[in-house]
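Heads up, the thing below is written out as structure tokens.
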Amino acid sequence: MATNPYEVEHNIEAPEHPPHRRRPDMSSFTSHLRQISSDPPTAGSHHRQHAGPTPVDVAALFRLLQDQFATLAMDAPTDENRDFLGSLTQVLEEDIDSPPDTITGVSQEYLDCLDRVPRKQFKQDDSCPICAERFLDDPYPLVVELSCHGKHRFDLECVGPWLQSKGTCPMCRKSLTEKKKVEIPKDDEEEDDVDGLYG
């Protein structure tokens, strides 16, 4: 029986021997985030409308994320992947030791609007820096490209929790929460209209 929601929805038979997946299980993280987040609640969710997260809540959120990254690091396929996951857990450890009183991450709406990378743009050895799975090994990859200068690509399932809790690119740490400043050019014609002829 198919367990992937995409396969169920599209009536696709699951393979007899599914490939090994090193994706983190973020169900506890997602549940805790929904309880303490300021994002609008979804139907049927319990949400504290007028209370913000406490530092203890935020530290617990970071701990849940850190635990999943540490689990992935234990059986990392390469030293590079293990070191990268170690750097992420170290950053989270620092935040757990002195937790902020707000969650500085991005909203679910932001995640939904991230640029998706089409399958045909992947090279054979392109992989997610977090789970180290090759993108092309997944028959339906959901890969996003972050707007940082490095054009870093991740499986959305892997990078989403980091972005929701930290709001930075996991690789270069560039903040993704800052809005782009659009400079409106000053119109010289407005100054030239001394007599008010142009309305």
Side-chain angles (χ1 to χ4, degrees), residues 19-30 32-33 37 39 53 58-100 102-181:
H20 175 65
R21 294 279 174 230
R22 292 187 67 243
R23 300 270 169 77
D25 176 14
M26 293 298 181
S27 55
S28 297
F29 171 89
T30 304
H32 188 64
L33 179 65
S37 175
D39 280 350
V58 177
L61 187 74
F62 290 152
R63 178 67 70 194
L64 289 168
L65 185 57
Q66 183 188 43
D67 289 347
Q68 289 303 315
F69 287 158
T71 300
L72 285 175
M74 286 193 308
D75 67 342
T78 65
D79 289 337
E80 181 183 1
N81 180 246
R82 183 176 295 105
D83 293 343
F84 177 64
L85 291 169
S87 72
L88 296 181
T89 56
Q90 181 60 39
V91 168
L92 290 167
E93 185 65 38
E94 292 167 8
D95 286 332
I96 291 167
D97 290 342
S98 57
T102 60
I103 300 171
T104 59
V106 301
S107 66
Q108 182 62 44
E109 181 182 5
Y110 180 92
L111 291 180
D112 294 341
C113 293
L114 282 172
D115 291 335
R116 302 318 197 246
V117 181
R119 185 178 174 90
K120 62 185 174 189
Q121 289 186 7
F122 300 129
K123 296 177 185 152
Q124 188 62 31
D125 59 342
D126 285 349
S127 63
C128 175
I130 294 175
C131 70
E133 292 282 331
R134 291 188 321 207
F135 296 135
L136 291 176
D137 286 350
D138 189 342
Y140 315 105
L142 183 52
V143 178
V144 295
E145 185 170 90
L146 302 183
S147 60
C148 55
H149 62 279
K151 297 195 181 234
H152 297 133
R153 294 176 176 179
F154 299 88
D155 286 315
L156 180 59
E157 190 176 340
C158 295
V159 77
W162 175 273
L163 294 176
Q164 287 179 306
S165 59
K166 299 292 289 172
T168 61
C169 172
M171 295 189 82
C172 65
R173 305 296 198 274
K174 180 178 186 280
S175 176
L176 302 173
T177 59
E178 298 171 3
K179 300 222 185 249
K180 291 182 181 178
K181 295 181 181 178

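As a basis for the values below, the full set of heavy atoms in this structure was taken, side chains included, without hydrogen atoms, waters or symmetry mates. Owing to the predicted nature of the structure, the values given are computational and were not obtained by experimental measurement.
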**Prompt:** Do you know which two heavy atoms are closest between Pro161 and Leu156, and how far apart they sit?
**Reply:** CD-O, 4.5 Å
**Request:** Could you go through the side chain to side chain contact (heavy atoms under 4.5 Å, CB included) check for Phe154 and Leu163 one step at a time?
**Result:** CA-CA 11 Å; Phe154 299 88; Leu163 294 176; over 6 Å; no
**Complete:** The complete set of ring-ring contact (aromatic ring centres under 6.0 Å, His included) pairs with one or both residues in residues 64-99, sequence neighbours excluded, reads none
**Prompt:** Got a donor-acceptor contact below 3.5 angstrom from the Gln66 side chain to the Thr89 backbone?
**Reply:** yes
**Asked** What distance do Leu85 atom CG and Gln90 atom CD have between them, rounded to the nearest 0.5 Å?
**Response** 13.5 Å
Below 3.5 Å, can you tabulate the donor-acceptor pairs from side chains in residues 113-120 to any protein atom, sequence neighbours excluded?
unit_1, atom_1, unit_2, atom_2, d
Arg116, NH1, Leu111, O, 3.3
Arg116, NH1, Asp112, O, 3.4
Arg116, NH1, Leu114, O, 2.8
Arg119, NH1, Asp138, O, 2.6
Arg119, NH2, Leu136, O, 3.3

**Fill in**
Output for pair (Phe29 CZ, Leu65 CG), nearest 0.5 Å, gives 5.5 Å
**Request:** Sequence neighbours left out, what passes side-chain hydrogen bond (donor to acceptor under 3.5 Å, both in side chains) with Ser98? Give chain and number order.
**Result:** none
**Item:** Separation of Gln68 CD from Cys131 SG (nearest 0.5 Å)
**Value:** 12.5 Å
**Request:** Applying side-chain hydrogen bond (donor to acceptor under 3.5 Å, both in side chains), name anything that partners Thr168, two or more places apart in sequence or on another chain.
**Result:** Trp162
**Prompt:** Going through the distances and angles, do Val143 and Cys128 end up as a side chain to side chain contact (heavy atoms under 4.5 Å, CB included)?
**Reply:** CA-CA 8 Å; Val143 178; Cys128 175; over 6 Å; no
**Request:** Tell me, please, which residues at least two apart from Glu93 pass salt bridge (charged side-chain N to carboxylate O under 4.0 Å, His left out).
**Result:** Arg63
**Message:** Test side chain to side chain contact (heavy atoms under 4.5 Å, CB included) on Thr104 and Thr177; report intermediate values, then the result.
**Reply:** CA-CA 8 Å; Thr104 59; Thr177 59; 5.7 Å; no
**Message:** Test: salt bridge (Lys or Arg N to Asp or Glu O under 4.0 Å). Region: residues 164-177. Which pairs qualify, not counting sequence neighbours?
**Reply:** Asp95-Lys166
**Prompt:** Who passes salt bridge (charged side-chain N to carboxylate O under 4.0 Å, His left out) against Glu94, sequence neighbours left out?
**Reply:** none
**Any residue meeting side chain to side chain contact (heavy atoms under 4.5 Å, CB included) with Thr78, in chain and number order, not counting sequence neighbours** = Glu80, Asn81
**Request:** Working to the nearest 0.5 Å, report the span between CG of Leu176 and SG of Cys148.
**Result:** 6.0 Å
**Complete:** With sequence neighbours left out, the residues meeting side-chain hydrogen bond (donor to acceptor under 3.5 Å, both in side chains) with Thr102 are none
**Complete:** Across all chains, not counting sequence neighbours, the ring pair (Phe, Tyr, Trp, His ring centres under 6.0 Å) partners of Phe122 are Phe135
**Message:** Would you compute the distance between atom CG of Leu61 and atom CD1 of Ile96 and round it to the nearest 0.5 angstrom?
**Reply:** 9.5 Å
**Message:** Using the side-chain hydrogen bond (donor to acceptor under 3.5 Å, both in side chains) criterion, which residues pair with Asp97? Sequence neighbours excluded.
**Reply:** none
